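Since the structure comes first, as structure tokens, the remarks are kept for the end.
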Amino acid sequence: MSDSLLAGLNPPQRHAVTLEQGSALVLAGAGSGKTRVLTTRIAWLLQVKQVPAYRILAVTFTNKAAREMQTRIEGLIGQSCRGMWIGTFHGLCHRFLRQHWRDAGLAQNFAIIDMQDQLSAIKRLLKQHNIDSERYPLKQIQFFINQNKEQGLRPQQLPPAHDVYGKQLQQLYLAYQAQCEQEHTVDFAELLLRSYELLAAHAALREHYQQRFAHLLIDEFQDTNALQYRWLTLLSGSDNQIFAVGDDDQSIYGFRGAEIGNMRRLMQDYAIEQPIKLEQNYRSTGAILQAANAVIARNQQRLGKQLWTEAAEGAPLKLFQANNEQNEAEHVLEQVRALRQQALPYSEIAVLYRSNAQSRLLEHHLFQAGIPYRVYGGLRFFERQEIKHALAYLRLILDPDDDAAFLRVVNVPARGIGSRSVEQLQQFAQQQQSLWQSCSQLTGRVASKFLTFTLLIERLQEACQSLDFASQVEAVVKGSGLREFYGQEKEGRERLDNLDELVNAAALFSQTNPEWPLADFLAHAALEAGEHGAKPGEDAVQLMTVHAAKGLEFHSVFLVGLEESLFPHENALSEHSGLEEERRLLYVALTRARQQLFLSHAQARFLHGQMRYPLRSRFVDDIPANILQTIGVARSPIAPHMPHTAVDGWFIGQTVEHPVFGCGSIAQIERGQSVRIHVNFVQHGLKWLDLRFASITPRQINR
DNA sequence: CTCTAAGAGATTTTT
DNA sequence: TCTCTTAGAG
């Protein structure tokens, strides 16, 4: 039995799968069979080591990955892995909190709110406290709250702030927490923090779970944040095994709090002497791997590994230099057609870009040419307005004190309750009680308006009691007036379809999880916003950001916009180790391709309403020339000899001095009619300087 | 309450 | 340039 499990594994894979005791860090390069190792290890534990399924906990970052892992394990062992805890960090914490809601200090019917909901919650908070959202941008407050939660910090635990601004932020964090308590809502970070705190505070509970989970397996370990790491260590106790799989070179979520350092920390904390390295790549050609290796080798902070393959070198990477972004899109189109000629399905072609804004032009060209395409990104199913409205009604049925849900639909469809009336109600509630409770205490003209609404909700509540799950959703969609509302709207057709789809989703959910209450469906909707990608079976060219492409692979990959300021992105240059993350991002992009890579950059690009003349990305210079073939040069080049990252001796990152603006560093160089440089001055901020007029001097670096 | 117009901001985003 | 948000008029 064990033989068939291990058949076809290479030595390091086999070593990882059959590790007897102690914790391990598996450093799994792109395309090295990471998922296979993880799933085979679990199957091996179950079958060979006879570990009961309930003693295993497997964590991933996405629902998709969790599902895939589960199916693959079940395929390996030939039966269901019931009893095993397998899911995302958030999904598992949610499960834990539903079970221990009382100990966690939560309401039994707590609702999970997504980032959108969180933002509107903060918005309400600002209004209530009369705080200028110019001075305190919503996004910034949200970032502040989430960042602290992800560090495990409650408002009370923050070091005292010295300035007014910091004090205000702390106050807002505190007020936000109070609001969530009152509304029985829990945001994403809160799921983790609550679970962590409960485990930390409740010894009996902690010991119970520590004894239960003999094996903790974590996928994409490089993406864990500080709190997730602490949660894991708490759960692992002193003698449970942690089996972490990840790739430091593919850590691209630093900006969201992922801590690449958790890999080294794990090795220290769990006495792991050497990571197990999976370096044989089964995906790409030799040329593609050479390029990827060369690029990533320039990063300093690495655990170190080098991908290799038994496959042939294959075709060289093709570099196209376009004269502008239109020309670049035309080139992609041309090449896509050529690939199609060779009978390659469209779905095996991906066009990757650094930022979403770049997709529009590509879409336009593909559309014109009648080539099917699919753009990843944008709103997902459960994030759509009409779906959120329907869910808000369901939330209210479940918990009328959910103010967020109340406010969302109190006047949708319109029932004459304007902002004036709502403000009066909020005044009355005084943050002491829920809006729902206040409704019943109101008197006068305003009261009657709200009465129609509360009666509606109560009627729906009653109607739902006798109904099965999907019928409840159906009843709400109809009874709330939402269906009629969107039926009348001009462009409401798609929304109506989506509402029908919601009913289907509910039916499917109750089928798969019989006996699970409505609250779980709502949690499911929040935690799994739905797929971004193509409908299965659809043959379309795949358009997405490099981030979205992680974990995927394609026969042919186009990587467009390889220009300074776009990739690497200009904002990244000023961030701490931003350039290294950009380089990892490139590494991810390159390793998506199995057979063929097309790289391109434009000499001129219209960006933010301005024509820009970006330089070719410095990253292109990192790719060995012998595997890089230039297949096209702009027809009417603006600059005959396209420079690299330096022009006339000036280079990006260089420190310069200006007689008026003082000292600064070069953020960007452009060559159009003349050479312009973008300098970030210490005193005066970003300024464009034309070298024909500006007199700047290089400054000796003495830091 | 809904519609229009003006203004700010424009990386990446698994949950 | 484009898109999303908010303010003010109708």
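By convention in this document, chain letters (A, B, ...) are assigned in the order of the sequence lines, proteins followed by strands, and residues within each chain are numbered from 1. Since the structure is predicted, the reported quantities are computational estimates derived from the model, not experimental observations. Computed from heavy atoms alone, side chains included, the values below leave out hydrogens, waters and symmetry copies.
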| message | Test your reading of the model: is there a side-chain donor-acceptor pair from A/Glu580 to the backbone of A/Asn299, 3.5 Å cut-off? | response | no
When all nucleic acid strands are considered with a 4.0 Å heavy-atom cut-off, which category describes [X]: base, sugar-phosphate, or nothing?
X        : answer
A/Gln228 : nothing
A/Phe606 : sugar-phosphate
A/Tyr253 : base
A/Ser419 : sugar-phosphate
A/Ile417 : sugar-phosphate
A/Gly551 : nothing

Can you check the [X] [atom1] to [N] [atom2] distance for me, whole Å?
X        : N      : atom1 : atom2 : value
A/Phe89  : B/dT15 : CZ    : P     : 13 Å
A/Leu138 : C/dC4  : CG    : P     : 17 Å
A/Leu579 : B/dT11 : CG    : P     : 18 Å
A/Glu575 : B/dT12 : CD    : C1'   : 10 Å
A/Asn146 : B/dT13 : CG    : P     : 17 Å
A/Leu586 : B/dT11 : CG    : C1'   : 16 Å
A/Gln610 : B/dG9  : CD    : P     : 17 Å
A/Met544 : B/dT13 : CE    : P     : 11 Å

| Is the number of heavy atoms from other residues, nucleotides or ligands within 6.0 Å of CD (A/Glu575) greater than 12? | yes
| query | Quick check: are there more than 12 heavy atoms from other residues, nucleotides or ligands sitting under 6.0 Å from CZ of A/Arg415? | reply | yes
| For A/Arg380 and B/dT15, is the shortest distance between a side-chain N/O and OP1 or OP2 below 4.0 Å? | yes
| message | Counting only side-chain nitrogens and oxygens, does A/Asn356 get under 4.0 Å of the OP1 or OP2 atom of C/dT3? | response | no
| field | A/Phe110 six-ring centre to A/Arg98 NZ/CZ under 6.0 Å and within 45° of normal | value | yes
| task | Report yes or no: is the ring centroid of A/Phe255 under 5.5 Å from the six-membered base ring centroid of B/dT11, with the two planes under 30 degrees? | result | no
Where the side chain of [X] is defined as all heavy atoms beyond and including C-beta, which of [options] is the nearest nucleotide?
X        : options                : value
A/Lys123 : C/dT6, B/dT11, B/dT15  : C/dT6
A/Asn63  : B/dA10, B/dT15, C/dT6  : B/dT15
A/Arg354 : B/dA10, B/dT15, B/dT12 : B/dT12
A/Thr545 : C/dT6, B/dT12, B/dT11  : B/dT12
A/Thr88  : C/dT3, B/dT15, B/dT12  : B/dT15
A/His569 : B/dT2, B/dT13, B/dT11  : B/dT11
A/Arg360 : C/dT3, B/dT12, B/dT15  : C/dT3

| said: Once you measure the plane-to-plane angle for A/Phe509 and A/Trp516, does it fall in the parallel (<30°), tilted (30-60°) or perpendicular (>60°) bin? | reply: perpendicular
| message | Using atom C1' in both nucleotides, what's the gap between C/dT6 and B/dT11 to the nearest angstrom? | response | 24 Å
| Toward the 5' end of DNA chain B, by each residue's nearest nucleotide, A/His608 or A/Gly416 | A/Gly416
| Of A/Glu582 and A/Met115, whose closest DNA chain B nucleotide lies nearer the 5' terminus? | A/Glu582
| said: By the rule that syn is within 90° of 0, classify the base conformation of B/dT11 as syn or anti. | reply: syn
| field | Worked verdict on A/Glu581 versus A/Tyr253 for side chain to side chain donor-acceptor pair (under 3.5 Å) | value | CA-CA 8 Å; A/Glu581 184 147 315; A/Tyr253 286 104; over 6 Å; no
| message | Show, in sequence, the C-alpha distance, side-chain angles and deciding distance for A/Asp187 and A/Tyr176, and conclude whether the side chain to side chain donor-acceptor pair (under 3.5 Å) test is met. | response | CA-CA 11 Å; A/Asp187 60 49; A/Tyr176 170 78; 2.7 Å; yes
